[in-house]
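Lettering of chains follows the sequences in order, A, B, ..., and the numbering in each one begins at 1.
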Amino acid sequence: NAGVTQTPKFQVLKTGQSMTLQCAQDMNHNSMYWYRQDPGMGLRLIYYSASEGTTDKGEVPNGYNVSRLNKREFSLRLESAAPSQTSVYFCASRSTGPYEQYFGPGTRLTVT
Amino acid sequence: EDQVTQSPEALRLQEGESSSLNCSYTVSGLRGLFWYRQDPGKGPEFLFTLYSAGEEKEKERLKATLTKKESFLHITAPKPEDSATYLCAVQAQSGGYQKVTFGTGTKLQVIP
């Protein structure tokens, strides 16, 4: 039982390049989330998926797109990376309801 | 707007020196309050969920308590391995089951 896995662990992009961050969970959770974490700020929600086939915007969605490929997988795409997107990105999942989230190890992204 | 404030921002303790971390919150109806531990370079790790005022939960040297306005994470006789950043998060009724607001964390250092 691996929990939540993310790839890649590290990535450096140039401004304007695109990339996709991958996330998978093996806990049979319905809900999945993408957050970014920046120094001095709390985790901020980018997008979430309440169930397979649905996605919704969070607090900071601009510049990102997501795909809920199936119940296990939820990907985050940066179409044209900008230096402001330099951050640590975390994927999380949880069961439906006011329950705890389980986080992946994170992807450290630098955009130059 | 839901708000979570954690204090202090940083705390340095001698091994064995007990203390408490504070999480004050302003939400329109609390569904749940969560505590996480985050080690450098890793994703947040779930510790506790509290649902109603007066509730308490314990795990080893940690004890979390909840009132109507704040939560405390009490650390009894801490050890160096308790060094980490501790995050507090709340889920409010207004956000459905998807919106969780995180604080910026308390960075704890326990010195041998």
Taking side chain as C-beta onward, heavy atoms only, is B:Val100 less than 4.5 Å from A:Tyr35?
yes
Quick one: do A:Tyr102 and B:Leu50 end up in the same hydrophobic cluster if we chain Ile, Leu, Val, Met, Phe, Trp and Tyr together by side-chain heavy atoms under 4.5 Å apart?
no
A:Lys71 atom NZ: more than 12 heavy-atom contacts under 6.0 Å:
yes
Quick one: which of A:Gly58, A:Gly42, A:Gly40 has the most heavy-atom pairs under 4.5 Å with chain B, could you say?
A:Gly42
Checking B:Phe48 against chain A: side chain, backbone, both or neither under 4.5 Å from a heavy atom?
neither
Separation of A:Phe90 CZ from B:Lys42 NZ (nearest 0.5 Å):
11.5 Å
Here the pair of heavy atoms bringing A:Phe103 nearest to B:Pro44 is CB-O, 3.5 Å
Looking at CZ of B:Phe102 and CD of A:Gln101, how far apart are the two atoms once the value is rounded to the nearest 0.5 Å?
5.0 Å
Could you tell me which portion of A:Arg108 (side chain, backbone, both or neither) has an atom closer than 4.5 angstrom to a non-hydrogen atom of chain B?
side chain
If one checks every heavy atom of B:Gln38 against chain A at 4.5 Å, the contacting part turns out to be side chain
Please say whether more than 12 non-hydrogen atoms of neighbouring residues, nucleotides or ligands are located less than 6.0 Å from CD in B:Glu81.
yes
Between B:Phe46 and B:Leu108, is there a shared hydrophobic cluster once you connect ILVMFWY residues whose side-chain heavy atoms come closer than 4.5 Å?
no
For the candidates B:Gly41, B:Gly105, B:Ala89, B:Gly103, which exhibits the highest count of non-hydrogen atom pairs separated by less than 4.5 Å from chain A?
B:Gly41
When rounded to the nearest 0.5 angstrom, what is the spacing between CG in A:Leu43 and OG1 in B:Thr104?
10.5 Å
So for atom CZ, which belongs to B:Arg61, do other residues, nucleotides or ligands contribute more than 12 heavy atoms lying within a distance under 6.0 Å?
yes
Would you say the side chain of A:Glu100 lies within less than 4.5 Å of the side chain of B:Tyr36, judging by non-hydrogen atoms?
yes
Is it the case that atom CD in B:Glu9 sees more than 12 heavy atoms from other parts of the structure closer than 6.0 Å?
no
If two hydrophobic side chains count as joined below 4.5 Å and joins carry through other members, does A:Tyr99 share a cluster with B:Tyr25?
no
Are B:Trp35 and B:Leu11 linked, directly or through other ILVMFWY residues, by side chains that come within less than 4.5 angstrom of each other?
yes
